[in-house]
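Report on the structure given below.
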There are 2 protein chains.
Amino acid sequence: MSDREVGGAAEAAAAVIPGSRAMLAVIARSLSPLHGQVTVPQFRILVILADSNVALRSGDLAKALDVHPSTLVRMADRLVARGLIRRSENSASRRETLIELEPAGLDVVRTVTRRRQRDLRRILERMTSGERAAFVDAMQSFTRAAAADADADLTSFGL
Amino acid sequence: MSDREVGGAAEAAAAVIPGSRAMLAVIARSLSPLHGQVTVPQFRILVILADSNVALRSGDLAKALDVHPSTLVRMADRLVARGLIRRSENSASRRETLIELEPAGLDVVRTVTRRRQRDLRRILERMTSGERAAFVDAMQSFTRAAAADADADLTSFGL
DNA sequence: CCAAACATGTGTCACAATACAACAATTGAC
DNA sequence: GTCAATTGTTGTATTGTGACACATGTTTGG
């Protein structure tokens, strides 16, 4: 019966909660190099820019982060002051301001990713190679299933 | 050779990064019910209290969150004002203040967990039952391996 | 019993995030 | 070519985090 099917997924979801916490711990830890340099909301700007690989308009960034445009202006001010992003004029439309990553900003993102990868590796080293392979497969099928959900706004949560 | 072993874990770590992001998206989304009610740092206090199931001393909470004791006092003030936690005297030692969850505070934590579980379930429903079972197993072995890391301060990151 | 060590709370400060309203500049539509 | 819509920015205000120094009350060890 369909109850049993749904029950399977529901049970699985419950069983996976501790794992989601363990994963979050890794992610949270990977953010620690930011300490003092960049705040988490600021870092999200850097991640979105790094992912998109092109200059973005201020308003689009605000929409992506779901904040008021004026909020984004102030955050961008701080990131410019720290040399992590740069504003540039859009030749096509002079009322728009484009924002792009400075090399230092990309470094910040890469440092965090590297740290996360390192911490994950340490944990994975503690598994048998069979468990490890199964884990990689499982995470990939999870990623596929999650992507099928296709809430595009969540794609850019790369913390 | 050990190079190959380590390489396996390193490759696996890289392969798993997108999955960690997908998981983070789920977690971040589960936090949305907090909007306007509680901030993320405040929520972490609630989670620690909910996990420990007993009243904790103010200083211990500050240590668990890695913030200055005075910072915790102010955060606790706000949570008390919102009726989510309660301060109580410790009969054993009158200089210590104990902090414990109010029912409303526990509700907040449960709401977030429920939401996360629901979102996970939706994703898991999209997998075959074989994939789902493999995913549960894999997450459990990951949790075990991560716990063996035993950085106690990370245990309480239950966001 | 007294002094040192300890736990919490207050006063004060700095700074980030965030929103709203008002404004300036620019573009596009008719 | 004028006028309305769009885009970014500034002024202003609120709230939360966080730290430090200091005050107050409380144990505890001599």
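In the text below, chain A, chain B and the rest are named by the order of the sequence lines, each starting its count at 1. Computed from a prediction, not measured in an experiment: that's the story for all the values here.
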**Asked** Which listed nucleotide (D/dT7, C/dA16, D/dT9) is nearest to the side chain of A/Arg57?
**Response** D/dT7

**the helix from C/dC1-D/dG30 to C/dC30-D/dG1: angle between end helix axes, five pairs per end, rounded to 10 degrees** = 10°

**Prompt:** Between C/dG9, D/dT7, D/dT9, which nucleotide gets closest to the side-chain atoms of A/Thr97?
**Reply:** D/dT9

**Closest-nucleotide 5' rank along DNA chain D - winner of A/Ile99 and B/Ala92** = A/Ile99

List, with names and distances, any nitrogen or oxygen atoms from the protein found under 3.5 Å away from nitrogen or oxygen atoms belonging to nucleotides 18-20 of chain C.
| from | atom 1 | to | atom 2 | distance (Å) |
| --- | --- | --- | --- | --- |
| C/dA19 | OP2 | A/His68 | N | 2.6 |
| C/dA19 | OP2 | A/Thr71 | OG1 | 3.2 |
| C/dC20 | N4 | A/Ser70 | OG | 2.7 |

**Complete:** Contacts satisfying ring pair (Phe, Tyr, Trp, His ring centres under 6.0 Å) that involve residues 92-147 of chain A (not counting sequence neighbours) are A/Phe135-B/Phe142, A/Phe142-B/Phe135

**Request:** Within residues 104-111 of chain A, find the residues that approach DNA chain D with a heavy atom at under 4.0 Å, and present them sorted by residue number.
**Result:** none

**salt bridge (charged side-chain N to carboxylate O under 4.0 Å, His left out): pairs with one or both residues in residues 97-106 of chain B, sequence neighbours excluded** = B/Arg86-B/Glu100, B/Arg86-B/Glu102

**Item:** Proximal nucleotide (of C/dT27, D/dT9, C/dA17) relative to the A/Thr39 side chain
**Value:** C/dA17

**Prompt:** Charged N to carboxylate O below 4.0 Å: is that the case for A/Asp51 and B/Arg21?
**Reply:** yes

When you compare the protein's N or O atoms with those of nucleotides 28-30 of chain C, which come within less than 3.5 Å of each other, and at what distance?
none

**Request:** Supply the atom-to-atom distance B/Leu101 CG to B/Leu46 CG, rounded to the nearest 0.5 angstrom.
**Result:** 6.0 Å

